[in-house]
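Notes follow once the structure below has been shown.
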Amino acid sequence: MTDKTTNYAHVRGLSRGLAILKALNQMQSGHASSQQLSQMVGLHRTTVRRLLETLITEGLVRRSDSDDTYRLTIKVRELSEGFTDDEWISSMAAPLMGELMQRIVWPSDLTTSDGSEMIIRETTHRYSPLSFHRAMVGRRLPMLLTSAGRAYFANINDSEQENILSLLRSGSAGEEQAALANDSAYIKNLIRSVRNAGFAWNRGDWSDQQKISAIAVPIIHRTRVLGCLNVVYLTKAMSQKEAEVKFIQPLQDISSKIESMMEKQQLLIESKNSRDACEK
């Protein structure tokens, strides 16, 4: 039986556009000039500029006004919305979050990024006797005002940070975050403080939850920040120092276990792929 798809002509323009996206994604600095991209994909610079303008129009690429380089935008992530690699949340993280709750009693959330916000993907609120909320899955958290958002933002690369800041500066997430995103001293201090400490925190900083505090750590797999794990507690229940002593080590222990399980799974996949390749 003839495969009818072979009757369709190859769309060269689409292939070239995808090659540009792949090349930008591979840049360690997160950005590249049209000349650099021309050399990487083997296309004339004029063709590359035309493709870049199309990608800019589609919102997938933006051009820096300061140095005329190009970088991917956060919208690129929408291309993977139909593909989920989040099995780790249910198969690995969820059981370990139960273990965490047994140790600390207070509820915790696992969050992943969604544009300029964090979204709660798993939680122990429904099981914790100290929970003050129940329906938490799917709830969105502001990036710069919560411990989860700060832990994520501080640990991603410069290009990803700049994409998020661009969204926040537009005011789409509110004036308060727009002001913080435009405060370069605040952003530098936030990144430095979180990276030095190994965790992030908020103590009633979010106006919607002023009576609530939280501490969060990132979950990192091979330099990629997959998400964050937090512990949420009432501000009046303990001081910041008491919370750090009580929660940080358990959080880091569980985060490390998740990361270790992810690595073992990845090694198994790579081993299988290698065997399959040898058999062909």
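In this text, all values refer to a predicted model and were calculated from it rather than measured experimentally.
- Checked options Ile219, Leu226, Ile254; the residue passing with Leu110 is Ile219 (criterion: side chain to side chain contact (heavy atoms under 4.5 Å, CB included)).
- In this structure, the side chain to side chain contact (heavy atoms under 4.5 Å, CB included) partners of Gln210, at least two apart in sequence or on a different chain, are Ser207.
- No side-chain heavy atom of Leu72 sits less than 4.5 Å from a side-chain heavy atom of Ser159.
- Using a 4.5 Å cut-off between side-chain heavy atoms of Ile, Leu, Val, Met, Phe, Trp and Tyr, with links allowed through other members, Val11 and Leu60 fall into the same hydrophobic cluster.
- Cluster membership for Val245 and Trp201, using ILVMFWY side-chain heavy atoms within less than 4.5 angstrom, is not shared.
- Counting only distance, with no hydrogens or angles, the side chain of Asp183 and the backbone of Ala179 share no donor-acceptor pair below 3.5 Å.
- Exactly one of Leu229, Leu141, Thr146 qualifies for a side chain to side chain contact (heavy atoms under 4.5 Å, CB included) with Thr111. That residue is Leu141.
- For the residue pair Gln161/Asn157, the side-chain donor-acceptor check at 3.5 Å is not satisfied.
- Residue-environment remark: CZ (Arg222) exceeds the threshold of 12 foreign heavy atoms within 6.0 Å.
- Between Tyr233 and Trp106, the two ring planes are perpendicular [angle over 60°; tilted spans 30° to 60°].
- A ring-ring contact (aromatic ring centres under 6.0 Å, His included) check over residues 158-198, counting only residues at least two apart or in different chains, returns nothing.
- Cluster membership check: Phe199 shares its hydrophobic cluster with Met238, using side-chain heavy-atom separations under 4.5 Å among Ile, Leu, Val, Met, Phe, Trp and Tyr.
- In terms of hydrophobic clustering, with Ile, Leu, Val, Met, Phe, Trp and Tyr side chains grouped at heavy-atom distances under 4.5 Å, Leu14 and Leu51 are assigned to a common cluster.
- In this view, Glu117 and Arg140 satisfy the side chain to side chain contact (heavy atoms under 4.5 Å, CB included) rule, not counting sequence neighbours.
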